[in-house]
J.: 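This is the structure I have questions about; it appears just below.
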Amino acid sequence: MAETSTLEIRIDWSELDYFGHVNNLAFFKYIQASRVHLWQQIGLYQHHLSYNIGPILASTACQFRKSLYFPGSVRVVCTLTHIGRTSFRLHHTIYDAASGALSAEAEDLFVIRDFSTHENVPFPADIRQRLDM
């Protein structure tokens, strides 16, 4: 079963660009907050604190669908879609919290890294087993 988390984030006025809508960089801030929220939920963040082994971003991409404006909030849904031997993928959907309109979709690819040896290592077996993936 795919693990999913949902996070609501307030749009800050400082995230607006010259044209009055939320700047593309803010979308990546929302995605980052969403991924960390999921990592905490599944225990990956705690695993990193205990063993110095955790995720490192290999690639990310975002498809912008509809502009966002201040004031407002976004609802970000993050889904763990795949776990490989040393990697995993996340899918993010960003919605305008008030209207429910889809604003963006993003994909992340991560590898699991031992930060002591700087080598890629297998996805933590205990977390994989708990997630049943």
Side-chain angles (χ1 to χ4, degrees):
M1 176 189 308
E3 187 70 23
T4 300
S5 72
T6 302
L7 184 63
E8 188 158 323
I9 303 168
R10 180 185 160 278
I11 296 171
D12 191 82
W13 180 82
S14 68
E15 296 168 341
L16 303 183
D17 65 13
Y18 179 79
F19 303 105
H21 53 28
V22 173
N23 185 279
N24 63 312
L25 293 176
F27 282 82
F28 286 100
K29 183 182 99 175
Y30 306 150
I31 292 163
Q32 179 173 320
S34 173
R35 73 172 67 112
V36 171
H37 186 254
L38 182 90
W39 295 347
Q40 290 174 314
Q41 183 176 304
I42 67 173
L44 195 55
Y45 178 74
Q46 297 81 351
H47 186 85
H48 169 68
L49 293 177
S50 296
Y51 302 104
N52 205 29
I53 293 172
I56 188 166
L57 185 63
S59 71
T60 188
C62 186
Q63 299 296 315
F64 303 98
R65 306 289 184 207
K66 187 171 180 160
S67 296
L68 292 167
Y69 300 92
F70 177 86
S73 296
V74 295
R75 184 171 44 88
V76 188
V77 179
C78 179
T79 304
L80 175 62
T81 59
H82 175 76
I83 299 176
R85 191 179 80 72
T86 62
S87 65
F88 66 99
R89 290 186 180 277
L90 299 178
H91 178 81
H92 308 271
T93 48
I94 300 174
Y95 300 95
D96 180 307
S99 70
L102 177 64
S103 294
E105 291 183 274
E107 294 285 334
D108 292 334
L109 173 65
F110 293 90
V111 293
I112 299 295
R113 177 68 56 109
D114 183 327
F115 291 100
S116 298
T117 65
H118 305 287
E119 299 289 330
N120 295 347
V121 296
F123 190 94
D126 59 327
I127 297 173
R128 181 191 297 263
Q129 185 176 18
R130 217 173 33 251
L131 295 172
D132 194 33
M133 290 186 82

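We use all heavy atoms of the structure for the numbers below, so side chains are in, but hydrogens, waters and symmetry mates are not. No experiment lies behind these values; they were computed from the predicted model shown.
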J.: I'd like to know if K66 and D96 make a salt bridge, using a cut-off of under 4.0 Å between side-chain N and carboxylate O.
T.: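 Looking at D96 together with K66, the answer is no, because their closest N to O distance does not fall below 4.0 Å.
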J.: Just by distance, do the side chain of Q41 and the backbone of T4 share a donor-acceptor pair under 3.5 Å?
T.: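 Yes, Q41 side chain to T4 backbone: donor-acceptor pair under 3.5 Å.
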J.: Same cluster or not: F19 versus F28, using hydrophobic residues (I, L, V, M, F, W, Y) connected whenever any side-chain heavy atoms lie under 4.5 Å apart?
T.: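 F19 does not cluster with F28.
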J.: Between R128 and G84 (side chain of the first, backbone of the second, donor and acceptor by atom type, cut-off under 3.5 Å), is there such a pair?
T.: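 Flag set: sc R128 to bb G84 pair under 3.5 Å.
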J.: Locate the shortest heavy-atom distance separating W39 from F110; write the atom from each residue and the value.
T.: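 Of all heavy-atom pairs spanning W39 and F110, the closest is CZ2-CE2, 3.5 Å.
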J.: Group every Ile, Leu, Val, Met, Phe, Trp and Tyr by side-chain heavy-atom contacts under 4.5 Å, then state whether Y51 and L44 land in the same group.
T.: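 Yes, Y51 and L44 fall within the same hydrophobic cluster.
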J.: Report yes if some heavy atom in the side chain of E15 is under 4.5 Å from a heavy atom in the side chain of F27; otherwise report no.
T.: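 They are not in side-chain contact.
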J.: If I take atom OG from residue S34 and atom CD1 from residue I94, how far apart are they, to the nearest 0.5 angstrom?
T.: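 Between S34 OG and I94 CD1, I get 7.5 Å after rounding to 0.5 Å.
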J.: I'd like to check Y69 versus I11 (side-chain heavy atoms, cut-off strictly below 4.5 Å). Are they in contact?
T.: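 Side-chain contact under 4.5 Å: no.
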J.: Using a 6.0 Å cut-off, check whether atom CD of E8 has over 12 heavy atoms from anything other than its own residue.
T.: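 Yes, the 6.0 Å shell around CD holds more than 12 heavy atoms from other groups.
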J.: Do L90 and I42 share a hydrophobic cluster (ILVMFWY, side-chain heavy atoms under 4.5 Å, transitive)?
T.: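 L90 and I42: one cluster.
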J.: State, to 0.1 Å, how close H47 and I127 come at their nearest heavy-atom pair, and which atoms those are.
T.: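 Heavy atoms of H47 and I127 come nearest at CB-CD1, 4.1 Å.
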J.: F115 vs H48 aromatic rings, parallel, tilted or perpendicular, using cut-offs 30° and 60°?
T.: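 Aromatic pair F115/H48 classed perpendicular.
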J.: Identify whether L7 and V22 are in the same connected component of the hydrophobic contact network (ILVMFWY, side-chain heavy atoms under 4.5 Å).
T.: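 Yes: a chain of side-chain contacts under 4.5 Å links L7 to V22.
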J.: Hey, could you give me the OG/OH distance between S50 and Y45, rounded to the nearest 0.5 Å?
T.: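 One finds 10.5 Å between OG of S50 and OH of Y45.
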J.: Are H37 and V76 side-chain neighbours, meaning at least one heavy-atom pair lies under 4.5 Å?
T.: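 A side-chain contact is absent here, since even the closest heavy-atom pair is not under 4.5 Å.
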J.: Between R75 and T6 (side chain of the first, backbone of the second, donor and acceptor by atom type, cut-off under 3.5 Å), is there such a pair?
T.: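 Flag not set: sc R75 to bb T6 has no pair under 3.5 Å.
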J.: Are side-chain heavy atoms of E107 and L109 found at a separation under 4.5 Å?
T.: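 E107 does not reach L109 side chain to side chain.
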J.: Identify the two heavy atoms, one from I31 and one from A106, that lie closest to each other, and give their separation to 0.1 Å.
T.: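 Answer, listing the atom of I31 first, then A106: CD1-CB, 3.4 Å.
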